[in-house]
Number of protein chains: 2
Amino acid sequence: MTKKVIRNSVSTEDYLKGIYRLTGETDEFATTNAIAESLGISAPSVTGMLKKLAQSRLVQHSPYHGVRLTAAGRSRAVKILRRHRLVELFLHKCLRMNWDEIHQEAEVLEHALSERLESRIDEWLGHPRFDPHGAPIPDAAGNIIPRNVLKLSEIEARCDAIVAQVMGQDAELLSYFKERRIFPNRRITVLEKEKFGGSLKVRVSGKIQFIGLRAAQQILVEQL
Amino acid sequence: MTKKVIRNSVSTEDYLKGIYRLTGETDEFATTNAIAESLGISAPSVTGMLKKLAQSRLVQHSPYHGVRLTAAGRSRAVKILRRHRLVELFLHKCLRMNWDEIHQEAEVLEHALSERLESRIDEWLGHPRFDPHGAPIPDAAGNIIPRNVLKLSEIEARCDAIVAQVMGQDAELLSYFKERRIFPNRRITVLEKEKFGGSLKVRVSGKIQFIGLRAAQQILVEQL
DNA sequence: TCTTTTATTTAGGTATACCTAAATATTTCC
DNA sequence: GGAAATATTTAGGTATACCTAAATAAAAGA
C-alpha cells in the first residue's frame with residue numbers, strides 16, 4: 001500500500017491547477033478549505049484527494065496546515081494552464097468564439113489535448129504569449145513571462161495604467177468588462193476612489209465610468 | 001432502485017458508439033462479445049454496463065441474445081459520430097494534422113465538445129458531408145447521406161469503382177493506404193483476384209499494386 | 001489561560017466502471 | 001438427442017472520487 005500510482009485523471013489535473021491558482025509560483029501552502037471552495041468540493045473529499053496526490057509526490061502535505069506543489073506537481077499544473085490558455089486563444093482567433101464563452105469550453109478541452117495537438121495549436125497561433133484575457137501563456141518548457149502587475153483596486157487616484165489582464169473565470173464578470181470596454185492593453189486612468197471600498201471612477205477607452213470594487217480586484221494593470 | 005439515471009459519461013458514449021458501429025442503422029442485435037472485443041473490455045463488464053444502459057432506456061437488452069439501440073441511444077451515438085468526424089476533418093483542414101493521426105485525437109475530443117463548439121466547427125468547415133477518410137458526417141439533425149457502397153474485396157475482377165471510404169480506426173492501416181495512394185474519390189480498377197482470400201491486383205492513382213484481403217475489406221467503394 | 005469558533009481529518013457510505021473466477025445458458029456437432 | 005464447445009451472466013472484488021456526520025486539532029477571543 002501507499003504506492004506511487006500514476007495519476008492522469010481529470011480530477012488530478014483540476015486539483016493541481018486549483019492549487020497553482022491559489023499559490024502561484026510562491027512556496028506558500030494552500031489550505032484544504034481554500035481548495036475545497038475553489039473546486040466546489042467538500043473539505044473531507046479534498047483531504048482524501050490531497051493524501052493521494054501526496055503519495056504520488058505531486059504535492060507536499062502538511063496535515064492541518066495545507067499543501068504545496070512539488071516540482072512535478074507544479075510542472076503538471078503549468079502544463080494544464082498552458083493548454084487552457086492556448087485553447088482559449090485558439091477558440092477566439094480561429095473559431096471566433098466570444099470572450100465570455102471561451103473559458104467554459106477550455107475548462108473541458110484542456111484535459112483532452114495531446115502533446116501533439118497542443119503544439120499544433122501553438123504553431124497555428126504563432127507561439128503566442130498572452131491569452132484573450134491578457135493572461136500569460138507558459139511556453140512549452142513551462143516558463144512564464146514575469147510581469148509587474150497590480151490590482152486596479154490598489155492604484156492611487158489620478159494615476160495612469162495599462163490594463164494587463166482581466167480575470168476570466170466568470171462569464172458574467174467578463175460581460176461586465178466587455179460592456180465597459182475594459183480589455184487588455186487599453187489605457188486606464190483612475191480619476192477618483194470612493195472611500196471604504198466604494199466604486200472607482202475611471203476613464204478607459206475614452207469613456208468615464210464607475211467600476212465596483214469587487215470588479216476592480218479582478219483587473220490587473222501595469223502602472224505607468 | 002432500477003431508476004432511470006442520466007448517463008453522460010465517456011464510457012456511455014463509447015458503448016453507444018461501439019454498438020452503433022456494429023449494427024449501423026439496422027435493427028440487428030449486437031452481441032456482448034462483439035461489444036467487448038470492439039471496446040477492449042471484458043465480457044462480464046460489458047454485461048453489467050448493458051444492464052445500466054437498458055435501465056436508462058438507451059438500449060434494449062435481450063439477455064443471452066444481445067442489445068440494440070433505442071431511438072434515444074441511436075441519436076446519442078450518431079451525435080458522437082458526428083462530433084468524431086467533424087473533429088477529424090477540422091484537425092486535418094485547419095491544423096494540418098496527418099491522415100493517420102486524427103482518429104486518435106478525435107477519439108478523445110469527441111467527448112469534450114459542447115453543442116456550441118460543435119456548431120462553430122461545423123460552420124468553419126462549411127457544413128461538410130464527409131470526413132477525411134470518406135465517412136459521411138451526420139448533419140445536425142442526425143441524418144446521414146445514404147450511399148450504395150461495397151467492400152473492395154467484394155468487387156469482381158475487371159471492374160471499375162471509386163474509393164468511397166477507408167476505415168480509419170487503425171493508424172498502421174492508414175499508413176498502408178497512404179503509401180499505396182488509396183484515398184477517397186480515387187478511381188480504382190480491380191485487375192485480378194487471387195483465389196482463396198489472396199491479394200487483389202488493382203490499379204489506383206495510375207499505379208498497379210497488390211492489396212491484401214484484410215486491407216481490401218477495410219476499403220469501401222462505389223461500383224461504376 | 002481557557003473557552004469558543006473554525007478548520008481539518010477520520011469514519012463510514014455511495015456511484016461508476018472496471019476485473020477474474022465460477023456458474024449457467026445457448027449453440028454446435030456427432 | 002446429448003455431449004462438447006462457446007457465449008453470457010452472476011458473484012465477489014478493486015480503484016477512483018465523491019458525499020455527510022462525527023471527532024479532533026488549531027486559532028481566536030474573552
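Both backbone and side-chain heavy atoms feed into the values below; hydrogens, waters and symmetry mates do not. Numbers restart at 1 for each chain; the letters A, B, ... are given by sequence-line order, proteins then strands.
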Original post:
Among residues 29-40 of chain B, which residues get a heavy atom nearer than 4.0 Å to DNA chain D?
Top reply: Thr31(B), Thr32(B), Asn33(B)
Original post:
Where along residues 41-52 of chain B does a heavy atom fall under 4.0 Å from DNA chain D?
Top reply: Ala43(B), Pro44(B), Thr47(B), Lys51(B)
Subject >> Note: Arg74(B)-Glu25(B) ion pair, threshold 4.0 Å (strictly below) >> reply: yes
Subject >> Carboxylate-amine/guanidinium proximity below 4.0 Å for Arg83(B) and Glu115(B) >> reply: yes
Subject >> Residue list, side-chain contact (heavy atoms from CB on, under 4.5 Å) with Glu37(B), at least two apart or on another chain >> reply: none
Subject >> Bounds of contact between DNA chain D and chain B, in 5' to 3' order, using a heavy-atom cut-off under 4.0 Å >> reply: dA7(D) to dT10(D)
**OP:** Sort out for me which residue in His133(A), Gln169(A), His84(A) forms a side chain to side chain donor-acceptor pair (under 3.5 Å) with His103(A).
**Re:** His84(A)
Subject >> Given Glu118(B), Glu110(B), Glu13(B), the one that forms side chain to side chain donor-acceptor pair (under 3.5 Å) with Lys79(B) >> reply: Glu118(B)
Whether the side chain of [X] engages the backbone of [Y] through a donor-acceptor N/O pair (distance < 3.5 Å, no angle test) should be reported.
X        : Y         : value
Arg68(A) : Asp27(A)  : yes
Ser56(A) : Lys4(A)   : no
Arg82(A) : Gly142(A) : no
Arg7(A)  : Thr12(A)  : no

Original post:
Will you find, in the side chains of Asp131(A) and His92(A), an N or O donor that is under 3.5 Å from an N or O acceptor?
Top reply: no
Subject >> Residues that Ser199(B) engages under side-chain hydrogen bond (donor to acceptor under 3.5 Å, both in side chains), provided they are two or more places apart >> reply: none
Please list, for nucleotides 1-4 of chain C, all pairs of protein and nucleotide N/O atoms separated by less than 3.5 Å.
none

Original post:
dT6(C) C1' sits how many Å from His65(A) NE2, rounded?
Top reply: 16 Å
**OP:** Return the minimal non-hydrogen interatomic distance between Trp99(A) and Phe177(A), and the atom names on each side.
**Re:** CZ3-CB, 3.9 Å
Subject >> Residue pair Ser45(A) / Tyr15(A): nearest heavy atoms and the distance that separates them >> reply: O-OH, 4.0 Å
**OP:** Let me know, please, whether Tyr15(A) or Pro63(A) comes out on the 5' side of the other along DNA chain D by nearest nucleotide.
**Re:** Tyr15(A)
